[in-house]
Amino acid sequence: MVSRPALKIGLTCYPTVGGSGVLASALGEELARRGHEVHFISYERPFRLPANAPRLHFHPVVINDYDLFKYPDYTLPLSVKMAEVSRDHQLDVLHVHYAVPHATAAILARAMLPPEQQPRVVTTLHGTDTTLLGRDAGYGPAIHHALTCSDAVTAVSFFLRSESQRLLNFKGPVEVIHNFFVPRTPRRSREEVRRELGLKDSDVMVLHSSNLRPLKRIDLLLETAARICPKDSFKLVILAGGSFAPYAGLVRRLGLENRVIVREMIHEIEDYLQAADLGLFTSESESFCLSILEAMCFACPSAAMRVGGIPEVMEDNVSGMLVPFGDSDALARAAESLIQNSEWRAVLGRAAQHRAREQFSAEAIVPRYEALYRRVMGEH
Ligand code: GMT
């Protein structure tokens, strides 16, 4: 519990499966556990947010579908709800995760309130809000404006900070606060999960979890799996935060029908993480890659392509293995070395888990956000 006065914090994120929503939910849960009052404002309850936890509240944003609008608008009802919650609960801080449209809505919400009711605005950049939308002429200036008007801006990696400064030409300070992950206790045993997946004792379980968006490069993931020898040494389990149907043809063409197991929209990720032996990631861009950290928490090392902030999360040959982007052959060799050598895998896995606990735990990260909130509020 906190020894200084508790804070009242509004949190906004995308509630669906995705790293920024997972991080924001965990942050809210941890802040409430530490005695702060936390108010989530979003169009749906974030999927990992516990029900009935003390000091944790959820305020839905209701969106009406007006015939006049060709495209439904979320930004304005979100900003109105943010202003309403800020006023009714005297929020100290509105902390938005993912700039678009959350940061713009927060700035507008603040402007709608009289000065004595205005919360501070903290914006956390997560990834494509900078690397994709930041390049888009239809978004870039609005993101730049929202960052400039924020009381503090954070980024989840040094990589993302420099990309934000470069792509958005943002000159203000950006504090790097890495992500953290708090694993829940799995609901089923490792054996039960492996049985459900039809794995033999000798099968090494290679795990990939992502939302399957184009930049996750599922084509490279499957190509890599097809290059791993011997073919019957592993099964690739894909936890898909979207439909895997578009990739079914490629699985067939690569002869991977008996190697690839897909589970869509799984919420009990810990069940699968504890059953996994190795993570495999082929994204072409990744500001952090929370999925790698999730695996690290269960002593599961990953083989991945060296892009974006991934080297800040795991160190090559110490807590995982990294290869140059696009080299699916090198990635297959790295995965093979870990599949075939369980001792090496265990060494990297232990180092990964240690690093996750030391650098990316709630204990290491949440106090950084608390300190930031107090700083923008003018407390010392
Ligand atoms: O930026 C996105 O594509 C969405 C976002 C999300 O909601 O999952 O992902 C980003 O935020 C995660 C949490 O901070 C990071 O772990 C991901 O690396 C990052 N995605 C990208 O940079 C592509």
Side-chain angles (χ1 to χ4, degrees), residues 11-28 40 42-44 46-49 95-103 122-136 139-140 143 153-164 166-168 174-182 208-218 220-221 239-242 265-267 269 273 279 281-297 302 304-314 320 322 325 356 359-360 362 365-366 368-369:
L11 283 175
T12 289
C13 63
Y14 284 108
T16 47
V17 183
S20 56
V22 171
L23 188 276
S25 304
L27 178 61
F40 274 87
S42 187
Y43 61 87
E44 253 171 38
F47 79 101
R48 271 179 80 94
L49 206 60
H95 183 182
V96 297
H97 290 263
Y98 203 91
V100 180
H102 305 148
V122 174
T123 299
T124 291
L125 297 165
H126 276 273
T128 47
D129 40 2
T130 285
T131 56
L132 185 69
L133 301 176
R135 299 171 197 268
D136 184 331
Y139 283 94
I143 301 170
V153 178
T154 78
V156 299
S157 63
F158 291 101
F159 161 79
L160 188 59
R161 173 167 76 181
S162 60
E163 282 300 89
S164 305
R166 185 176 73 84
L167 291 168
L168 294 160
V174 180
E175 182 169 344
V176 174
I177 305 184
H178 284 128
N179 285 329
F180 68 96
F181 185 67
V182 183
H208 173 88
S209 59
S210 76
N211 49 30
L212 307 187
R213 290 200 198 117
L215 54 75
K216 303 292 172 180
R217 294 302 300 269
I218 302 304
L220 282 180
L221 176 78
L239 300 184
M265 307 308 282
I266 291 290
H267 284 183
I269 188 154
L273 291 170
F281 297 92
T282 45
S283 302
E284 65 185 34
S285 171
E286 204 69 68
S287 67
F288 184 92
C289 199
L290 197 60
S291 301
I292 290 180
L293 175 59
E294 290 169 351
M296 288 166 73
C297 290
S302 291
M305 291 178 171
R306 189 184 285 106
V307 295
I310 290 182
E312 296 174 46
V313 181
M314 65 170 186
L322 294 168
F325 175 70
Q359 313 261 337
F360 309 120
I365 300 298
V366 178
R368 305 243 349 247
Y369 282 115

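We count residues from 1, following the sequence as given. Just so it is clear, the structure is predicted and the values come from calculations on it, not from any experiment. Whatever order the structure lists ligands and atoms in, that order sets their numbers, starting from 1.
Within ligand 1, counting atoms from 1 as listed, the ones closer than 4.0 Å to a heavy atom of C289 are 15 (C), 16 (O), 17 (C), 18 (O). In the vicinity of R213, heavy-atom distances shorter than 4.0 Å reach the ligand 1 atoms 2 (C), 3 (O), 4 (C). Less than 4.0 angstrom separates some heavy atom of S285 from each of these atoms of ligand 1: 23 (C).
Looking at ligand 1, you won't find any N or O of G18 less than 3.5 Å from one of its N or O atoms. When only interatomic distances are considered, the shortest N/O to N/O separation between V156 and ligand 1 does not fall below 3.5 Å. The shortest N or O to N or O distance between N211 and ligand 1 is not under 3.5 Å.
The closest non-hydrogen atom to atom 1 (O) of ligand 1, taken over V100, V313, T128, comes from T128. Taking each of G308, G127, G19, S287 in turn, the one with a heavy atom nearest to atom 15 (C) of ligand 1 proves to be S287.
The protein non-hydrogen atom at the shortest distance from atom 7 (O) of ligand 1 is S20 OG, 2.5 Å. L290 N, 2.9 Å is the protein heavy atom nearest to atom 16 (O) of ligand 1. At the top of the distance list for atom 11 (O) of ligand 1, counting protein heavy atoms only, stands H126 O, 3.2 Å. From the protein, the heavy atom lying nearest to atom 18 (O) of ligand 1 is E286 OE2, 2.7 Å.
In L215, the part holding a heavy atom less than 4.0 Å from any atom of ligand 1 is the side chain.
Contact between N179 and ligand 1 is present, with at least one heavy atom of the residue lying under 4.0 Å from the ligand.
Remark: S287 OG to E312 CD distance equals 9.0 Å, nearest 0.5 Å. The CZ atom of R213 lies 11.0 Å from the OG atom of S283; values are rounded to the nearest 0.5 Å.
Relative ring orientation between H178 and F288 is described as tilted, the plane-to-plane angle lying within the 30° to 60° band.
If you check the side chains of Y98 and T12, you find no donor sitting under 3.5 Å from an acceptor. With hydrogens and angles left out, the side-chain atoms of T124 and H126 include no donor and acceptor closer than 3.5 Å. There is a side-chain donor-acceptor pair under 3.5 Å between S164 and T130.
Nearest heavy atoms, G19 versus L290: O-CD2, 3.6 Å.
Protein non-hydrogen atoms do not reach within 4.0 Å of atom 9 (O) of ligand 1.
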